[in-house]
Amino acid sequence: MSMVSNIKLIDENGLRIDGRKFNELRPIKIEVGVLNRADGSAYIEWGGNKIIVAVYGPREAFPKHTQNPSRAIVNARYNMAAFSVDERKRPGPDRRAIEISKIIGEALESAIFVEQYPRTSIDVYIEVLQADAGTRIAGLTAASVALADAGIPMKDMIVGCASGKVDGKIVLDLNKEEDNYGQADVPLAIIPRTQEVVLLQMDGNLTREEFEQAIEMSKKAALFISNLQKEALLAKYSRPEEKEEVKEEAEQENHGDDDHE
Amino acid sequence: MSMVSNIKLIDENGLRIDGRKFNELRPIKIEVGVLNRADGSAYIEWGGNKIIVAVYGPREAFPKHTQNPSRAIVNARYNMAAFSVDERKRPGPDRRAIEISKIIGEALESAIFVEQYPRTSIDVYIEVLQADAGTRIAGLTAASVALADAGIPMKDMIVGCASGKVDGKIVLDLNKEEDNYGQADVPLAIIPRTQEVVLLQMDGNLTREEFEQAIEMSKKAALFISNLQKEALLAKYSRPEEKEEVKEEAEQENHGDDDHE
Amino acid sequence: MSMVSNIKLIDENGLRIDGRKFNELRPIKIEVGVLNRADGSAYIEWGGNKIIVAVYGPREAFPKHTQNPSRAIVNARYNMAAFSVDERKRPGPDRRAIEISKIIGEALESAIFVEQYPRTSIDVYIEVLQADAGTRIAGLTAASVALADAGIPMKDMIVGCASGKVDGKIVLDLNKEEDNYGQADVPLAIIPRTQEVVLLQMDGNLTREEFEQAIEMSKKAALFISNLQKEALLAKYSRPEEKEEVKEEAEQENHGDDDHE
Amino acid sequence: MEMMIMSRSSDEIVYGLKRDYLEKISSGGNRIDGRKFDEYREIKITTNFVTRAEGSADVRLGNTRVLVGVKIEQGEPFPDTPNSGILTTNAELIPMASPTFESGPPNEDSIELARVVDRAIRESKMIDLDKLVITPGEKVWVVFIDIHVLDYDGNLIDASTIGAVSALLEAKVPASKVGQEDFQLPINHIPVMVTMAKIGSNIMVDPSLEEEEVATARISVATDENGDLVAMQKGLSGSFTVEEIFKAVDTSIEIGKDFRKRVFGR
Amino acid sequence: MEMMIMSRSSDEIVYGLKRDYLEKISSGGNRIDGRKFDEYREIKITTNFVTRAEGSADVRLGNTRVLVGVKIEQGEPFPDTPNSGILTTNAELIPMASPTFESGPPNEDSIELARVVDRAIRESKMIDLDKLVITPGEKVWVVFIDIHVLDYDGNLIDASTIGAVSALLEAKVPASKVGQEDFQLPINHIPVMVTMAKIGSNIMVDPSLEEEEVATARISVATDENGDLVAMQKGLSGSFTVEEIFKAVDTSIEIGKDFRKRVFGR
Amino acid sequence: MEMMIMSRSSDEIVYGLKRDYLEKISSGGNRIDGRKFDEYREIKITTNFVTRAEGSADVRLGNTRVLVGVKIEQGEPFPDTPNSGILTTNAELIPMASPTFESGPPNEDSIELARVVDRAIRESKMIDLDKLVITPGEKVWVVFIDIHVLDYDGNLIDASTIGAVSALLEAKVPASKVGQEDFQLPINHIPVMVTMAKIGSNIMVDPSLEEEEVATARISVATDENGDLVAMQKGLSGSFTVEEIFKAVDTSIEIGKDFRKRVFGR
């Protein structure tokens, strides 16, 4: 939200620079069980984002002093590959990644029955292989699926979507240019069943009314994406005979091009 | 002691650039119990120095392998706030701070009955909020008071003062300019009751006689400051009804302006 | 192997820039028991290389979770002193040192009866005081002697030598210039009794035939150096009355000047 | 002086009892220290505490105490914003402030704190960074905000934001170092951050440490003087309903107006 | 979902049984997954996976999966090679890939991996670094190879080398950033790395994780298209006879020829 | 080869017995190795040990052994001393030297050691830093003193100072690298450091490791050839009377005179 530019992000027909309508998602594709070593895994393509998530656990928390005798601890690690962004990123976590890891971990924990696994850790590794705005929500959305794939008992699968303000208008699911030159960004994640909010951030400038508009738009989109999560899981488990084969070829319907309403 | 300059640090009347006589201390103010979470705390203003000290402990030493089965370990951490000096200091300990932490810890340990608390640590956190020469001695002086406030049993309250050489003359309690452009600095701390030396450093150039002169001058000043320490403690405990109220308003007499002799 | 130069490394008489023949070693001197604190120690001069090795152990491995219940772990630490190279090296291990430490540790482990000391570590500290090409092999060669000096039971004393390609010719034991401007380098270490290979690296460009030639030349040299190791040990233990005296004066015959064939 | 070395399990039991108690009284509209749900603890601000810094503020929010210093130094601009000064925010949860804080490099808590405070200041466009250029593309003023937490009794986010805003409001750019006259740091807007915690099904502003320990969710909302939202951060592993979020936003706007006048005099 | 928290001792027993079994079947000429000693697992390469990078390759070698990205950026040459571009290789064994990998800075395993892959590429002179100069002595192209291990089922050295070579073969130098035309990274040679493991007294190529766990020694040999050796690394605490080494070299030359054609089409 | 894995408690008992013994014999005027209170262990210095360095000294003080190397390289001056060379001192307590030293970045012991040695050299103005300017304000000579402790048997401060002074005395500035002639490092003064330990109520010079282990206090005093004091450091958690300090100073001045002649030939 920091750079200034003369770029026109919405044209005279109300279309955005990638041709989307104000309330249109980018294409989303989710795959389940894409890794062999992990206890659970998922891969998501969301616009230009390519993110893979592995889940390990519940396993004995290490080092020992981190163990909680009454529940599992949830560790999320959001990491960008050095080559995932335009200018090479130095390997290792920066401050942004540490903050994102923290809020993703808290959001996931809200849905997991942590009391069932005292003294253990549930480790969620989110690797951003290519970044194109909205990585935290895309990563979180895939992480829920990976947790389900690992068989971790959850109330529901967390899901999210961001909205923002671009050229003075509230729009859904910002892309890179909109994120760089827009006026606000509001990532949101919810528990779909209850529609409660488990992750929420905001930066930029929004009136009270614009904020409400953004939240409602994101919530609706999140519920749509929740279905993509379930379909992805179903696609894996409805074909048990292929389960042990080339998992990554399990193609989902790509609903992303459709207007989600 | 490293910079060269043409600045005249002592004028024709024998007065120093801040108007002090050769054997005059800067103003000193000590307050006790200024923090709520710490087991003991103290705040000191000494010239332009502003330093706060917290004490935690005795508490179980962690990690476990640091525990000593026959006595408490004393950890001192001297730290300068990023904004405490003219040019912003990068956060985190530098080599200077690590050395100072070590010698302060050793000096404090000399007075504490460490055998009474095996397997524990006594943690002393010294935060320099504004620095103006003489921070190690000011920090140590406040640390003793904070230890007393925490109820740690001690033989006595360590106290100190520096002397140095400026324009060829031995003077008490160097300020920033005298420290930068002077010819020697000798920080000293003693156990007041026995007048034994528990901290001593020196750098610059002193003859044998000048050194003796400096030590005697510092010792005398330290004994004076020892009384300020006790008054500060008294000021807190003589008003038990205020003890739990706004502690930082407990004002001490400011003896610093007086010539201490 | 990376720099290009017009330097002629072999002259018309087939002699190398330091006057050696193609199959001639640099002077080698080994001393045993040169340190007091270590459980075993050795010093090697090999050409311009000066390397000292200390061995501690078997001792309880620390931290505890590194202990192996069925055998000793072997930790090698190869370290270059800041002043050991032309341009001062920043203290602390760089990536090159970490790789070399790993392969030296693995090579030494191949000879040690690690099953005899479960839960312990055997720590080998290799300090390069002056570097002149071939430090890893010189360090490994001295490390074997230091292990023997520490009384660690071994199948045999590992020993090694490098060969390489210079001006299109396979030569033994590259010096600094040959290493910088040559075409290939092949460090090799063997168990002398069985002539099995325990360390092998190669970089540059060699035909299949040149490689075989290099290996055979290195192997022969290693067997020669194996005798120097034994003589060095013997020199220490054959003079038990001097053992506790000025150990570092135990001079070995310097066979290095001889052509080793 | 007794030592409190409790096992984790007894910790857990105490924690459970505390949570139950605070939930119970909150369902009756009460807080442990007697405040109303929308009531802040007393705020005391001492500016110009560190005269060596370009700006500073010593903030006490109840028993929480935070010292914020602002240093302004010369530096190179970022390549993509050659005509703009630089703002950078750092927070240290030094072990002085709490028995649970440890020495060492910033951890996830101090990083989140610094980034949330930074976001409120940056996104409100509080500082006019365009006026902090010395030589375009080459030299600009860098504004360092350093948050030093001295005593931790809850709600560091608000205490730190108040401290940062107060210190910036009094900060002077030391332009005499480059042959110009010193000038007041150019200020465009004043953000106010309001943090709320959820205990049971109740939401209360300015949580104390005891409240934070049992809260399930936390939300911080920063607004500017137009009542616009400029930054937001939901924390902890609990959830809010959308309605609760909207209500929290309204609370923040309301309190912001009062604060801006009462605390910052603007 | 059962938890596998085994004591070290039971680990050791399982390990012993595994080793005995693999040694036994290998003495009969067999491998645990049915392959022949000189048989690789299936290789699948997807290049251009990360379009934001200058080159990339997603490599699967059986169940091992490695993603390699190549970024090419401007930088200063090293003082001793002013007229030469720079190659730098980094590997991360991220905890995603294995329950035994830990977060944190590169450890000795990831450093060895990066350095062995780097050596094969550097020593084969695969990239013509002399053509990567922008302004002699001042500005050159820096080629960053980043190896991201996603799924670990053995033989990371070969999978990573295949990935690095594939990514470099498709990489474009973004010369348009300095007012020239983008151009294909100049390639001189194609190294092929073949890694072999010794189990009992048998040596087999492309060890899987199960094989690596019981192998006593490992050797990696890189060759170029002339059948010349360009890099070699012996690993683990076991030994090879000189004859075994020579045989390993021959195997690498043989397989290299096939690979270069079949995998890289050259 | 027996393994000495003792519990902390038995450590403590042994320590107590040792302390009692050393205190007892010292009260009779004796030391465990038969020396007098003011007697140094034998000193052997080999200079020019590391020919690749600009100066070096291998120092043995009894069974303590320290190698000091001096490198002199070009660098930028500090902004506040544009016409002065730079001196920097580093010490590494490598694990080779003692079973109690650990790998890793410098700890408080090695930092104190480096800073105390540095202080003696810097404050005595031993090196004429003003003569180490290549281009005023732009390029100066940087003198790196690196202290590498090889064998630890007590009194590292004196051994290291002797090593640093010896290495500096023989060091040459490699001015031929900037087109001038190499020249001897310009030396103004020669500091001598004398360290003393207090055992019971006795003070003895050059403590061995066994003595250091039971000493309650330590004092190091550096003097120059005029008998002036240039640096001092009190260590450990015990105390000295002021009279003891003065006596230590006198001892240091005395021994310094002898050392300067006998050891450095000046």
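In this text, all values refer to a predicted model and were calculated from it rather than measured experimentally. In the text below, chain A, chain B and the rest are named by the order of the sequence lines, each starting its count at 1.
- Not a single donor-acceptor pair under 3.5 Å links the side chain of F/R52 to the backbone N or O of C/V85.
- For the pair F/D146 (side chain) and F/G69 (backbone), a donor-acceptor distance under 3.5 Å is absent.
- The existence of a salt bridge linking F/R41 and F/E211 is excluded, since no basic side-chain nitrogen approaches an acidic carboxylate oxygen closer than 4.0 Å.
- When C/E177, C/E178, C/E24 are each tested for a salt bridge (charged side-chain N to carboxylate O under 4.0 Å, His left out) with C/R16, only one passes: C/E178.
- For the salt bridge (charged side-chain N to carboxylate O under 4.0 Å, His left out) test with F/R65, the passing option among F/D151, F/D153, F/D58 is F/D58; the others fail.
- Interface residue C/K176: only side-chain heavy atoms are found under 4.5 Å from chain F.
- Although no hydrogens or angles enter the test, the distance criterion places a donor-acceptor pair under 3.5 Å between the side chain of C/D156 and the main chain of C/R193.
- With contacts defined as side-chain heavy-atom distances shorter than 4.5 Å, the pair F/F101/F/S110 does not qualify.
- Taking C/A81, C/A38, C/G48, C/A82 one by one and counting their heavy-atom pairs under 4.5 Å with chain F, the maximum is reached by C/A81.
- Between C/D94 and C/R96, none of the side-chain N atoms (NZ, or NE/NH1/NH2) sits under 4.0 Å from a carboxylate O, so this pair counts as no salt bridge.
- Residues of residues 121-144 of chain C placed with any heavy atom under 4.5 Å of a heavy atom in chain F are listed by number as C/Y125, C/E127, C/L129, C/Q130, C/A131, C/D132.
- Contacts between F/N90 and chain C at a heavy-atom distance below 4.5 Å involve the side chain alone, from C-beta outward.
- For chain F, the nearby parts of C/R88 are the backbone and the side chain; heavy atoms of each come within less than 4.5 Å.
- At a 4.5 Å heavy-atom cutoff, F/S56 makes no contact with chain C through either its backbone or its side chain.
- Between F/H148 and C/F83, the ring planes lie perpendicular to each other; the angle is over 60°, past the 30° to 60° tilted range.
- For C/S84, the part lying near chain F is the backbone, with the side chain staying farther off; criterion is any non-hydrogen pair under 4.5 Å.
- Judged by distance alone, the side chain of C/S101 and the main-chain N or O of C/Y78 form a donor-acceptor pair under 3.5 Å.
- Heavy-atom pairs under 4.5 Å with chain C peak, among F/E54, F/K71, F/E73, F/M96, at F/M96.
- Residue C/V55 does not touch chain F at all, counting heavy-atom pairs closer than 4.5 Å.
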